Every structure is written in structure tokens, then in C-alpha cells.
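Residue numbers count from 1 along this sequence. In this text, all values refer to a predicted model and were calculated from it rather than measured experimentally. Whatever order the structure lists them in is the order used to number ligands and atoms, beginning at 1.
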Amino acid sequence: MKTIGFIGVGELALYTIRGVRRGGYRGPVLLSPRNRDKAAMLAEQYDCAVQVDNQSVVDNSECVVIATRPADCMATLAALNFKPGQLLLSVVAGVEIEQLLSVLPDGIEVIRAMPVSSAEAGASPTLIYPDNEFVRAFFEHCGNSIPVDNEAYFTQGSVLACVYCWFFTLFDNLIEATSGPDLPAPLSAELVMGMARGAAELALAKSETPPAEIAAGIATEGTFSKLGLDLLHQNRAFEPWREACELLQKQLTASKQE
Ligand SMILES: NC(=O)c1ccc[n+]([C@@H]2O[C@H](COP(=O)([O-])OP(=O)(O)OC[C@H]3O[C@@H](n4cnc5c(N)ncnc54)[C@H](OP(=O)(O)O)[C@@H]3O)[C@@H](O)[C@H]2O)c1
């Protein structure tokens, strides 16, 4: 099993490491020392080893994960010495493989991945580009790996890692809208999340059927489902979601040209 070392111990490192450990991953995990409290907690509770500095993480890891914020990524990597044959796994949004290679010596394999915080619950659909056996197996411990063979797919797919976040706000609005004297908030929350999971499970199970077709099959004439769906369409409720996706796609592509 390869030694994997994280440079940047923030939220992503925290939920990914928690997720893979809970999912049975037993390989050695090294951590950079900055953000001491998180690193110490992960070392104590999730069997990780904190290194003295970033270079020690690189020296002692076969797979190095760069998990700083995008603005810190290139300078952090440029300050480190890698050895040919090492694997760099970047989880940094908006930084393409070509950019990463520009600050690395020859002979480093670079893979990108986009785990989301449901990794902590063993349920991250993790986009990976390009495919790599070790990386794919690693993220299978905290959800399911989705390798793609095209970086444009990865960029467009990364937009959905942000849509994932928006779902929580939608859940919150639905809980607020439906809870009150007739339905306690915890029960509403259980139903909102349960319905969302149910809809996702059915759409995945019937992947050959477009989700709009599933909706049309439920929201037939005279149903309460249709009454509400018609109102949502009349108010153009879905257009802003499309616009937000387009905005992110533009931003993620623009950072490539910077
Ligand atoms: N969080 C998510 O949901 C999510 C999802 C998908 C992808 N990502 C990607 O994951 C990356 C990390 O996100 P995050 O949410 O974990 O951010 P974060 O919580 O801000 O963590 C980043 C960590 O990197 C540290 N850092 C910065 N420069 C460093 C250096 N030179 N050496 C060592 N550590 C350094 C920061 O320390 P200081 O705070 O001291 O600067 C911070 O602890 C981002 O690039 C983001 O695009 C995040």
C-alpha cells in the first residue's frame, strides 16, 4: 500500500481522511504540520503521522496530495522537491494538470480528484482525472470513484461539486417551508433528506430514463405534484440554477487562462 501525504490540512483533508478511515482504509497517511490542531486531532483519532515540514511529507510519501486553497497551490508546490516516480494528487479546484506540471520535475504523474464532504458519510461521488488504480481504490473507501478520460469533463463535473453545496440550502428552505405546528422540524428534515435520497436512488437505478421523464410520470394531470411543479416552472425557479452552473463553468475555465 502506498504512503499518502497531505500538504494542506484543512476541511478537505479532514473529511477525506475521516471518510477513508471509517471506510476501512489502513494505509499510512502523513500530514503537513500547518494547522496544528486539525493535524494533531487527525493523528490521534485517525492514525495519521504529522511531519516536521512540507518537504518531509514529500520525501516520505509515494502519493502526495496537494490540498491547499487554489491561491496557495502553485507557490507551495514550487517550493518543494519531488522525486521521479512520485504521484501528485491535486484536489485543488480550477488548476489544470498542465499548470501543475509546469512547477514539477519530469517523471511525476499528476492526477486530479474532487471529493466532497459527504466523504465523511462514506458517500462522495469522487471525480478523478485521469484514471489511476491507487487513487480510484483510495476514494472507493469514502464513496464511489468516477474516473473520466478528458480534463474538460473534469472541469464541467467540478461545477457539480459546488451544486452539491447548494442542495443543503435547498434542503434548509424546504425544511423551513414545511415545518411548524403540524410537522416538527426534525421530522420535516428526515423527510426532506429522505425524499432527496429516494429521488437520487431511483434516478440512478433508472439511469436510462431522463429525470424529467420520471417527474412527468409522477406529476400527471390533477396531482398535487403537478400543481407545485407548474408553479415552480411559471416562476422560472430552475433558470437561476442553470445560470449559476454557467457562471462557475466560466470561472473554472477562466482560471486556466490566467
Ligand atoms: N472544502 C471543500 O468542500 C472542497 C471540495 C472540493 C475541492 N476542494 C479543494 O480543496 C482544497 C482545500 O480546500 P479546503 O476547504 O480544505 O481549504 P482550507 O480548509 O482553507 O484548508 C487549506 C489548508 O491549507 C493550508 N495551507 C496553505 N498554504 C499551505 C502551505 N504552503 N503548506 C501547508 N499548508 C498550507 C491552510 O493553512 P492556513 O489556513 O494557515 O492558510 C489550510 O489549513 C481547495 O483547493 C479546494 O478547491 C475543497
Sub-4.0 Å heavy-atom contact, P115 with ligand 1: yes

Looking at E62 and T3, would you say the former's side chain and the latter's main chain have a donor-acceptor pair under 3.5 Å? yes

For ligand 1, which atoms, with element, lie under 4.0 Å from some heavy atom of P70? 44 (C), 45 (O), 47 (O)

Are the side chain of R21 and the backbone N or O of Y46 linked by a donor-acceptor pair below 3.5 Å? yes

What protein heavy atom is closest to atom 43 (O) of ligand 1, reported as residue, atom name and distance in Å? N35 ND2, 2.9 Å

Apply side-chain hydrogen bond (donor to acceptor under 3.5 Å, both in side chains) to the pair D53 and S56, showing each step before the final yes or no. CA-CA 5 Å; D53 55 23; S56 305; 2.7 Å; yes

Identity of the nearest option to atom 31 (N) of ligand 1, non-hydrogen atoms only, from T68, D53, T76: T76

For atom 25 (C) of ligand 1, closest protein heavy-atom neighbour: G8 CA, 4.0 Å

Numbering as shown, the atoms of ligand 1 that approach V9 to under 4.0 Å (heavy-atom distance): 43 (O)

Shortest protein heavy-atom distance from atom 40 (O) of ligand 1, along with the residue and atom involved: R34 NE, 3.1 Å

Salt bridge or not between E213 and K206? Use side-chain N to carboxylate O under 4.0 Å. no

Between L77, N54, V91, which one has a non-hydrogen atom sitting closest to atom 46 (C) of ligand 1? V91

the protein heavy atom lying closest to atom 3 (O) of ligand 1 turns out to be Y15 OH, 3.3 Å

With the threshold set at under 4.0 angstrom, would you say S117 reaches ligand 1 through any of its heavy atoms? no

Considering non-hydrogen atoms of the protein only, which is the closest contact for atom 13 (O) of ligand 1, and what is the distance? L12 CB, 4.2 Å

Between R69, E11, R112, flag the one that comes closest to atom 41 (O) of ligand 1 by a heavy atom. R69

For K2 and S61, indicate whether the former's side chain and the latter's backbone hold a donor-acceptor pair under 3.5 Å. no

Got a donor-acceptor contact below 3.5 angstrom from the Y164 side chain to the S118 backbone? yes

Applying a heavy-atom cut-off of 4.0 Å, say which part of K38 lies close to ligand 1: side chain, backbone, both or neither. neither

Answer with side chain, backbone, both or neither: which part of V92 has a heavy atom less than 4.0 angstrom from an atom of ligand 1? both

Taking the six-membered ring for Trp and the single ring otherwise, decide whether the centroids of Y25 and F138 are under 6.0 Å apart. yes

Of the protein's non-hydrogen atoms, which lies at the shortest distance from atom 21 (O) of ligand 1, and what is that distance? G10 CA, 3.2 Å

Keeping E109 on the side-chain end and Q86 on the backbone end, is there a donor-acceptor pair under 3.5 Å? no

Is there a donor-acceptor pair under 3.5 Å between the side chain of N235 and the backbone N or O of A237? no

Using a 4.0 Å cutoff against the non-hydrogen atoms of M114, which atoms of ligand 1 qualify? 6 (C), 7 (C)

Do you know which two heavy atoms are closest between L31 and A39, and how far apart they sit? CD1-O, 3.6 Å

For atom 12 (C) of ligand 1, state which one of S118, A67, A93 supplies the nearest heavy atom. A67

Just verifying a value: how many Å separate N54 CG and S32 OG, rounded to the nearest 0.5 Å? 5.0 Å

